[in-house]
Amino acid sequence: MSSSGLYSIGEVAAAFRLPVSTLRYYDDIGLVTAPVRRSRVRHYDRAALEQLVYVQMWCVDAMMSLEHTAATVASTSREERHSLIERARADVTERIARLTEARERLDHMLRCPADNPMTCPVTLKQVRKRVDESLGRLPGSANAAGAPGSSGTEAAAR
C-alpha cells in the first residue's frame with residue numbers, strides 16, 4: 001500500500017484471493033470501480049474495497065449469479081431489493097433440495113451391497129423411472145408403456 005491509502009489491482013487480487021481479470025471485469029461492468037489509475041494500473045481505495053466485499057457478500061456468500069448480484073447492488077428501493085433477494089432465496093432452496101437428493105443417492109450407493117449398482121433394485125428402479133420420464137417427453141410417445149421395467153404410470157397420468 002502506498003502512503004495515499006490506495007492499493008494496486010495486484011495487491012487487491014492477492015489480498016482478496018481473486019484473479020486480476022475478475023477485478024478488471026467488475027470495473028468494466030461498473031460493479032466495483034477502481035477510483036484511480038496510475039500508468040494504466042487500477043488502484044482501489046478503502047471505499048472500493050468495501051464495495052468489493054459487499055459484492056462478494058451477494059455473489060459468493062449468498063451464491064447469487066453475477067447478473068443477480070449486479071441488480072441487487074444497483075437496486076434503489078428496499079422493495080426491489082427484497083424481490084431480488086426472494087428470488088435468490090428460492091434458487092438457494094432449490095439447490096439445497098437437489099444437494100440433499102444427491103447426498104441421499106450417494107449415501108445409498110455407499111450402503112448398497114450390490115457389486116454392480118445396476119443390479120441393485122433401488123438403483124434399477126431409479127434408472128428405469130428416469131428413462132421412462134425422458135422418453136415421455138418425446139412427441140407422440142406412449143412413454144414406452146410396454147417396455148420391460150416400465151411402470152406405465154407416466155402414460156396413465158397423461
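Starting from 1, each residue takes its place in the sequence as its number. Predicted model, so just to flag it, every value in this text is computed and none were measured.
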Would you please name every residue forming a side-chain contact (heavy atoms from CB on, under 4.5 Å) with [X], sequence neighbours left out?
X	value
Y25	I29, L66
R103	T100, D107
P19	S21, T22
A48	P35, Y44, D45

Hydrophobic clustering (ILVMFWY, side-chain heavy atoms < 4.5 Å, transitive) - are V53 and V20 grouped together?
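Yes.
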Any side-chain heavy atom of [X] within less than 4.5 Å of one from [Y]?
X	Y	value
L23	R42	no
E133	L135	no
I9	D27	no
V127	M118	yes
H108	T123	yes

Taking only residues two or more places apart in sequence or in another chain, which ones pass side-chain hydrogen bond (donor to acceptor under 3.5 Å, both in side chains) with R46?
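With neighbours one apart ignored, the set is E50.
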Test of understanding: with side-chain hydrogen bond (donor to acceptor under 3.5 Å, both in side chains), list the residues that count as partners of Q126, not counting sequence neighbours.
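Q126 satisfies side-chain hydrogen bond (donor to acceptor under 3.5 Å, both in side chains) with R105 once adjacent residues are dropped.
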